[in-house]
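Below: the structure, in structure tokens.
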Protein chains: 2
Amino acid sequence: MATSEGLEALSGLRGALERSSTAERVADALRERIIDGALAPGARLSEEALGQALGVSRNTLREAFRLLGHERLLVHRFNRGVFVAEPELADVVDLYRVRRALELDAVRRADRAPQGAVARVGAAVEEGEAAAGRGDWWGVGTANMRFHQALAALADSPRTDEVVRRLLAELRLVFHAMAAPRDFHVPYVALNRRIHRLLEEGRLEEAAQELSDYFDVAERQLVEAFSEGAQG
Amino acid sequence: MATSEGLEALSGLRGALERSSTAERVADALRERIIDGALAPGARLSEEALGQALGVSRNTLREAFRLLGHERLLVHRFNRGVFVAEPELADVVDLYRVRRALELDAVRRADRAPQGAVARVGAAVEEGEAAAGRGDWWGVGTANMRFHQALAALADSPRTDEVVRRLLAELRLVFHAMAAPRDFHVPYVALNRRIHRLLEEGRLEEAAQELSDYFDVAERQLVEAFSEGAQG
DNA sequence: GATCGGTGAATTGTTCAACAATCCCCATGA
DNA sequence: TCATGGGGATTGTTGAACAATTCACCGATC
């Protein structure tokens, strides 16, 4: 056919064309509200009220709940409803355990990373620096998440990407549950820059070591802040 | 109150008491059928037909579909229905990439593993040896999965357990898609025994090395068998 | 005064029926 | 042979209905 040439140029539009279900869009909206704190940990989500507010039926809303439940952002208590998850201390430790395994592995094999993957790490670093310059602490947190997502992407593994994305979303819940999340992220901007530089220079083992130290420090800090912030 | 003492002894019953929803039970039933091959990769699951066969409504069935979709056992194509996933070569490689990261990490920190975790690895080894003795190749495969699940459990991390469980379930799909799955697992029974022995002796780095070699060999073998078995 | 038990409203779990939107097959026509 | 366009089948979504369960309230009992 005459139009066959240049067809591959349209392949980028595939994602945009894929219609998504109502349930998925509802899940996206809810995820946003949960992550930015509009829906606080522990809050109960009434099927009737929320469905009416969002203009969707209860069945559709329940599908969305299921999606977010599998991301551990919501917990589903049988016959009792769904609630925004309330991470505990054990969850913080567990999140870091898995992140350690996956992100460190990704960094160590960064030499086999796909084209442009390291550059995306750098972009996240700059985003963080810019936000820090503006004094936008929430923006710094977002950039930080993107930084670690980019680190995970070095593994060139869709499943790693997905798992890490879930872990990081859950981690944002932890920030809401702890005391003084405001200045948690800012100190790490410089470290991110250092890690990125090491990656660019191919000094992977050193980068992994820096990252490992970061995990130690951040986890300890988080555990402490969390113990203070939570009741108990 | 007089009954407060010894209450914590009952906490183990919590799981057993939790009633499960119909959707979850349906998902369990379907998962079993998918894993044991009764529902072949690529098969389409009609909402109407399956709902009638299982005696549940379409809505409930759709909830079950969503659950299995997140385990990557089903793929949901919008407006087209759900199908049993058909893993490709890239999926095999990706599965092993993540398994490598998580299982190796778990083995390396086995010294901090919970009480009895190493023993459960041993139990899986013996289960495999028994099945091999009976010539029950499918049983050997099941024991092998349990072996690796037990390895992952050394990390003492609920999220690791869950991710690995999903990865292994998906891997069983790969076995159905490849040629000659019959004698794939049997050769590894002896290796499992060796790894368990190293774990018992606390020689963790050696155990990790054996496991790493296993991943190399198994992945290559699987990739080859898969290329032959699949059309292409 | 604290505990126990029951009543009832509110919410969830599940089903059913309906309709719109979409896909896929197939016949039609050039 | 290939494009075109129905038409049937299936999914997406809604709304209503009913059973099952939870929870808060309130009185009864010791």
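Below, chains carry the letters A, B, ... as their sequence lines are ordered, and counting in each starts from 1. Because only heavy atoms are used, hydrogens play no part in the values below, and waters and symmetry mates are left out as well, while side chains stay in.
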In whole angstroms, the gap separating P of D:dG12 from CD of B:E47 amounts to 6 Å

Is there a side-chain contact between A:S20 and B:F78 (heavy atoms, below 4.5 Å)?
no

B:N79 CG to D:dT13 C1', in whole Å, measures 11 Å

### Message
What contact category does A:G55 fall into here, base, sugar-phosphate, or nothing, at under 4.0 angstrom with non-hydrogen atoms?
### Response
sugar-phosphate

*Please assess B:S57 against B:R62 for the test side-chain hydrogen bond (donor to acceptor under 3.5 Å, both in side chains), listing each intermediate value before the final yes or no.*
CA-CA 9 Å; B:S57 75; B:R62 286 167 65 87; over 6 Å; no

Return the orientation label for the A:F215 and A:Y96 ring planes: parallel under 30°, perpendicular over 60°, tilted otherwise.
perpendicular

Rounded to whole Å, the CD-P distance (B:E48 to D:dT11) equals 8 Å

Side-chain contact check for A:S21: nearest option of C:dG13, D:dT13, D:dT11 is D:dT13

Between CZ of A:R62 and C1' of D:dT13 the distance, given in whole Å, is 15 Å

note: A:L45, atom CG; C:dT12, atom P; distance rounded to Å ~ 10 Å

Nearest-nucleotide check on DNA chain D, A:T22 vs A:R58; residue mapping nearer the 5' end is A:T22

Taken to the nearest whole Å, NE2/B:H76 to P/D:dT11 is 9 Å

Among D:dT13, C:dC23, D:dG15, the one nearest any side-chain atom of B:R80 is C:dC23

From CD of B:E63 across to P of D:dG12 the rounded distance in Å is 14 Å

With a 4.5 Å limit on heavy-atom distance, are the side chains of B:R99 and B:L168 in contact? yes

